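See below for the structure under consideration.
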Amino acid sequence: MAQMITERRDIDFVLYEQLGIEGILKAPKYKGMNRKMFDLVVNEARNLAVKEIQPTYVEGDREGVTFDNGTVKVPECFHRAFDLFREGEWIALTKDPDRGGQGLPHVIAQAVTEYLVGANYAFLTYSILANGAGKMIELAGTEQQKRLFLKNLYTGKWGGTMVLTEPEAGSDVGNLTTTAAPNEDGAYSITGSKIFITNGEQDLTENIIHPVLARIEGAPKGTKGISLFLVPKIWVNDDGSLGEPNDVVCTGIEEKMGIHASPTCSLTFGGKGQCRGMLLGEENQGMKIMFHMMNEVRLEVGTQGFTQAAAAYMHALDYARERRQGRDLAAGKNPDAPRAPIIQHPDVRRMLLWMKAHVDGMRSLTYWVAHTFDRIEGAEDPKERERLDHFVSLLTPVVKAYCSERGFDVCVQAMQVYGGYGYTRDYPVEQMARDAKIASIYEGTDGIQAMDLLGRKLGLNDGAAFMDLLKEMNQSVALARERPELADMADRVDQGIQRLGETALHIGKTARSAKFKTAFAHALPFLEVMGDMILAWMHLWRAGLAAPELAKMIGDTTDPKERARIIAKKKEAAYYDGLIKTAAFFINTILPVTFGKMEAIRIGESAAVDIDDKSFGG
Ligand SMILES: Cc1cc2nc3c(=O)[nH]c(=O)nc-3n(C[C@H](O)[C@H](O)[C@H](O)COP(=O)(O)OP(=O)(O)OC[C@H]3O[C@@H](n4cnc5c(N)ncnc54)[C@H](O)[C@@H]3O)c2cc1C
């Protein structure tokens, strides 16, 4: 039976053949590390995922979380898995070892994340948020705050959250009404109600640290007047010991479509007038700190979408090989022909390759961005550091929104491969689709990400970051052109790069004109075409590496039968041939549709903006 979890070969290809990550070992930060060590970490993550975390996936969903009079219980099976997770120190892989982290490269953490999140999305929310809260303290905390909180968050002793949303302040965070008033002892009194807080209350950890956005009385309106406070569920004394329970009450949890094993909580701060918080960073700098941290978390949310897709693909592939239905098309109407596994049917093969093309492309994209973080940390030249930093900024909304949209689409496609069984609870793909959907909504909806891309990121550094990205794409085109078997694909990607440049110029100009609303109505389609083009580039890059390897194995034979015979016999030849065929599928099947989408953006239909509210009907 096929593995139901990403194959190591797929991860190793990206790490070592595509990105050549061993190059970063020269950086002083990674002194003493080597490939053997990286391999060990990824293997251990895989083992933990398969043996301990994946078995909690369906059970966690069925049992769900329960709310009783202010307390929340997580699924019973999570306790053992979380203990092992904590003991294995899997929470803060890239963070400073002196603060409870592992000091590993981001790209290795990305490979680990693929296994762990792919095994159980809801389970991983607990550690992702502890990590995010810690990151904010690292960025803006005092030495005392770092000493009090970081190790406990990074080792999973305490949980963390991210507390922004209120009923009237969702996408519009600046509209929040939670207040903070300074006390004589230096702490602040926090008063307000928040909703939709992931893991806002749970019984996995002895304490929970809530980073809460609130407005200090008299501060400016909007996002400029927002400050950030650390509000521990149980107060933390100056010597690190636990004090009195804080005035933070969970008043309920949401009934929702997916991630049933992660509570989405309503929290009241200061209902009895006794909620204490510590200011994190300076007054009115809350959004700045939050946004800095959000870049990392948004990439993680994109990764959540991608990893669900990867897991759903592996399940669908396994099912398509096992399930027999109908006969091979070539058998005609012969009633004696054997029943075929559905993987033999062209339409099922189309679905599978569509899924694989997106999964492989998203893997390369997300690992490349993670590796860019490593390159930033290792760069000695400040200009190069800035250039790479701009890449991350430009690509953050694309990774978040594109991977969450396509991640969900791939899960839905997996359901289709299962037929009726995909719609039932007999197999986990329906759960994957339910779980994956949230990625397009939280951490700033995909619509908001698209506005960020068009309104801010596209023009970053006068458009230099975007032009730099096109330059990187052109390099892969030039390399691919050296191989005749890839020339057609290279031409199509080249055409795509030019069209993307023109489309960006057009929509960017429109966004600065009187028709700016029309431009923003096309912002998400633009983000999607940019994502498609990046994936086409990734595939060309991958094919450019695979082609010479395949040629070494096949020799100079041009006979298709002989080629097919060698590919069927040699696993590695089949692997590289699969990369080239997947690239061909994406570039020659999906990209032409993307060209059509670019044309729609260029036409710039304004109906969505012009239509009268009443004309929508209803
Ligand atoms: C399961 C779950 C977990 C969550 N976890 C957390 C958490 O841990 N912490 C936290 O603080 N929040 C959390 N959230 C809240 C989440 O971040 C918000 O739901 C999200 O930001 C959208 O806000 P909203 O629900 O108020 O929708 P709204 O802001 O009302 O948006 C509704 C629609 O309008 C669009 N829209 C809104 N404003 C604009 C605009 N200016 N331009 C264009 N389109 C716009 C949106 O894109 C969306 O499609 C969670 C939500 C859920 C469902």
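Keep in mind that what you see is a predicted model, and the values were worked out from it rather than measured. Just so you know, ligand 1 is whichever comes first in the structure, and atom 1 is the first atom listed for that ligand.
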Sole residue of Gln308, Gln431, Arg434, Gln304 in side-chain hydrogen bond (donor to acceptor under 3.5 Å, both in side chains) with Tyr121 =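 Among Gln308, Gln431, Arg434, Gln304, the one meeting side-chain hydrogen bond (donor to acceptor under 3.5 Å, both in side chains) with Tyr121 is Gln304.
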Test item: Met451 and Arg456 side chains (from C-beta on) under 4.5 Å apart, heavy atoms |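 The answer is no; the side chains never approach within 4.5 Å.
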Minimum side-chain heavy-atom gap Thr205-Tyr126 below 4.5 Å |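 No, side chains not in contact.
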Does an N or O anywhere in [X] fall below 3.5 Å from an N or O of ligand 1?
| X | answer |
| --- | --- |
| Met162 | yes |
| Leu164 | yes |
| Lys256 | no |

Which bit of Lys194 is near ligand 1, meaning a heavy atom under 4.0 Å away: side chain, backbone, both or neither?
->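 Within the 4.0 Å criterion, Lys194 makes no contact with ligand 1.
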Mode of Thr165 contact toward ligand 1 - side chain, backbone, both, neither (heavy atoms, under 4.0 Å) =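 It is both backbone and side chain that touch ligand 1.
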If you scan the protein for heavy atoms around [atom], do you find one that is closer than 4.0 Å?
| atom | value |
| --- | --- |
| atom 46 (C) of ligand 1 | yes |
| atom 30 (O) of ligand 1 | no |
| atom 34 (O) of ligand 1 | no |

Which heavy atom in [X] sits nearest to a heavy atom in [Y], and how many Å separate them?
| X | Y | result |
| --- | --- | --- |
| Ala109 | Thr94 | CB-CG2, 3.6 Å |
| Val429 | Ala414 | CG1-CB, 3.9 Å |
| Ile601 | His522 | CA-ND1, 4.1 Å |

Judged on heavy-atom distance to [atom], which of [options] sits nearest?
| atom | options | value |
| --- | --- | --- |
| atom 5 (N) of ligand 1 | Thr198, Asp446, Ile197 | Thr198 |
| atom 53 (C) of ligand 1 | Ile438, Ile441, Thr264 | Ile438 |
| atom 37 (C) of ligand 1 | Ala450, Ala169, Gly170, Ser171 | Ser171 |

With a cut-off of 4.0 Å, which atoms of ligand 1 are near a heavy atom of Met451?
->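 Going through ligand 1 atom by atom, the ones under 4.0 Å from Met451 are 42 (N), 43 (C).
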Enumerated ligand 1 atoms positioned under 4.0 Å from heavy atoms of Thr445 |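 Going through ligand 1 atom by atom, the ones under 4.0 Å from Thr445 are 22 (C), 46 (C), 47 (O).
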Ile448 heavy atom under 4.0 Å from ligand 1 |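 Flag set, Ile448 near ligand 1.
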What donor-acceptor contacts under 3.5 angstrom involve side-chain atoms of residues 264-273, with partners at least two apart or in another chain?
from	atom 1	to	atom 2	distance (Å)
Thr264	OG1	Lys256	NZ	3.1

Name every donor-acceptor pair, under 3.5 Å, that has one atom in a side chain of residues 68-78 and the other anywhere in the protein, sequence neighbours excluded.
from	atom 1	to	atom 2	distance (Å)
Thr71	OG1	Asp68	O	2.8

So which heavy atom in the protein is nearest atom 6 (C) of ligand 1, and how far is it from that ligand atom?
->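 Looking only at protein heavy atoms, the one closest to atom 6 (C) of ligand 1 is Phe196 O, 2.6 Å.
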Exceeds 12 heavy-atom contacts within 6.0 angstrom, atom NZ of Lys146 =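 Above 12, so yes.
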Using distance alone, with no hydrogens and no angle criterion, decide if Tyr423 and Gln416 have a side-chain donor and acceptor under 3.5 Å apart.
->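 Their side chains do not contain a donor-acceptor pair, so the 3.5 Å distance test is not met.
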